[in-house]
Amino acid sequence: MFAVLKTGGKQYRVQAGDVLRVEKLAANAGETVQFNEILMVGSTVGAPLVDGAAVQAEVIEQIKADKVITYVKRRRKHSSQRTRGHRQQLTLLRVTDVLEKGGDKSGVKEAIGARTAGASYVAEAKPAAKKAAPKKAEKAEKRAAKADDAPKAAVGTRPANLLSEAREGGADDLKLISGVGPKLEELLHENGVFHFDQIAAWKKAEIEYMDDQLSFHGRIERDEWIKQAKDLAKDKKD
């Protein structure tokens with residue numbers, strides 16, 4: 001007997017013994033789960049679901065799909081481009097039983113998507129995980145730990161134009177520099193960089209210092225930040 005079930009926004013035609021991949025479920029390998037959204041079983045068609053019908057399956061393992069590469073190019077005055085990779089999280093299952101009725105009384109754990117399972121799934125899957133600290137508190141702890149570490153030899157020269165806050169009128173949109181996204185912009189702000197003219201004024205020793213502080217590994221020179229910042233600062237004045 002076959003059935004058509006719905007999970008993760010998709011429909012699957014299955015029968016006992018089938019192995020299929022579905023959107024990640026809140027379940028661990030070896031567990032048995034039950035799908036209750038059955039659109040059709042045998043010759044019975046639901047309206048939209050078949051009452052009492054269910055499909056039971058054993059979780060084989062949690063896996064990832066093949067990598068998908070996306071390429072994004074922004075068209076604007078100072079364009080940027082970015083390549084990203086993504087692997088969808090999936091659950092590999094083996095169908096063990098197709099129930100035409102009685103599924104609502106089986107007592108088997110319901111198959112729930114991992115995203116809808118919420119904190120209960122995270123706690124179940126990772127019991128030893130620490131409660132995430134608020135972002136600001138976490139950053140403060142990191143800064144304190146860094147200050148307590150044994151001093152290391154300084155690299156380069158600290159720029160004299162670093163600021164504690166943006167000048168009047170607000171910070172420049174540093175994301176206009178190719179390769180700078182929201183997170184990197186936030187990191188620059190934390191290190192006292194808010195304006196194009198600050199970056200444009202850096203010399204070699206200052207670039208080395210900022211590379212070391214931000215763990216950029218030569219990114220500033222490789223992406224020509226100084227040249228971009230000079231052009232952007234000039235356009236701002238015009």
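Distance check, rounded to the nearest 0.5 Å: CG of D212 to CZ of R158 gives 13.0 Å. Taking NZ of K64 as the start and CZ of R87 as the end, the distance is 6.0 Å to the nearest 0.5 Å. Summarising the geometry, atom CD1 belonging to I177 is positioned 6.0 Å from atom CD belonging to Q228; distances are rounded to the nearest 0.5 Å. With rounding to the nearest 0.5 angstrom, the CG atom of L176 is 5.5 Å from the CG atom of L232. L162 CG to E206 CD: the interatomic distance, rounded to the nearest 0.5 Å, is 8.5 Å.
Judged as a side-chain contact (heavy atoms from CB on, under 4.5 Å), and not counting sequence neighbours, the contacts of A111 are L25, V33, F35. Shown here are the side-chain contact (heavy atoms from CB on, under 4.5 Å) partners of K73, two or more places apart in sequence or in another chain: Y71, Q81. Considering only residues two or more places apart in sequence or on other chains, E190 meets the salt bridge (charged side-chain N to carboxylate O under 4.0 Å, His left out) condition with K139. K230 meets the salt bridge (charged side-chain N to carboxylate O under 4.0 Å, His left out) test with no other residue; sequence neighbours excluded. Remark: R167 engages L163, H195, D197, Q198 in a side-chain contact (heavy atoms from CB on, under 4.5 Å) (not counting sequence neighbours). Checked against side chain to side chain donor-acceptor pair (under 3.5 Å), T96 has no partners two or more places apart in sequence or in another chain. Shown here are the side-chain contact (heavy atoms from CB on, under 4.5 Å) partners of E185, two or more places apart in sequence or in another chain: D173, L174, K175, V180, H189.
Hydrophobic clustering (ILVMFWY, side-chain heavy atoms < 4.5 Å, transitive): F2 and I38 are in distinct clusters. Transitive grouping of hydrophobic side chains (ILVMFWY, heavy atoms separated by less than 4.5 Å) brings I199 and L184 into a common cluster. Residue V95 is grouped with residue L93 when hydrophobic side chains (ILVMFWY) are merged at heavy-atom distances under 4.5 angstrom, including chains of intermediate members. Residues L49 and V4 fall within the same hydrophobic cluster, defined by Ile, Leu, Val, Met, Phe, Trp and Tyr side chains chained together at heavy-atom separations under 4.5 Å. A continuous path of ILVMFWY side-chain contacts below 4.5 Å connects M1 to V50, so both sit in one hydrophobic cluster.
The two atoms that bring G103 and A54 nearest to each other are CA-CB, 3.8 Å, heavy atoms only. The shortest non-hydrogen separation linking A200 to A229 is N-CB, 3.8 Å. Contact detail for Y209 and P159: the closest heavy-atom pair is CD2-CD, 3.5 Å. Considering all non-hydrogen atoms of both residues, S178 and W225 come closest at O-NE1, 3.8 Å. Across all non-hydrogen atoms, the minimal contact from A166 to G170 is CB-C, 3.9 Å. The two residues V41 and A53 make their nearest non-hydrogen contact at CG1-CB, 4.1 Å.
Using a 4.5 Å heavy-atom cutoff, the side chains of L187 and K183 are not in contact. With contacts defined as side-chain heavy-atom distances shorter than 4.5 Å, the pair R13/M40 does not qualify. In this structure, W202 and I226 have side chains that are in contact, with non-hydrogen atoms separated by less than 4.5 Å.
By the 4.5 Å side-chain criterion applied to Ile, Leu, Val, Met, Phe, Trp and Tyr, V108 is assigned to no cluster and stands alone. Other cluster members for I69: none, since no ILVMFWY side-chain heavy atom sits under 4.5 Å from it.
With hydrogens and angles ignored, the 3.5 Å screen pairs a side-chain donor or acceptor of Q62 with a backbone N or O of A27.
Legend: side-chain hydrogen bond (donor to acceptor under 3.5 Å, both in side chains) pairs involving residues 35-58, not counting sequence neighbours, sorted by first then second residue: Q34-N36, Q34-Q56.
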Donor-acceptor pairs under 3.5 Å, side chain of residues 16-23 to any protein atom, not counting sequence neighbours: which ones?
| from | atom 1 | to | atom 2 | distance (Å) |
| --- | --- | --- | --- | --- |
| D18 | OD2 | Q15 | N | 3.0 |
| E23 | OE1 | Q88 | NE2 | 2.9 |
| E23 | OE2 | K10 | NZ | 2.9 |

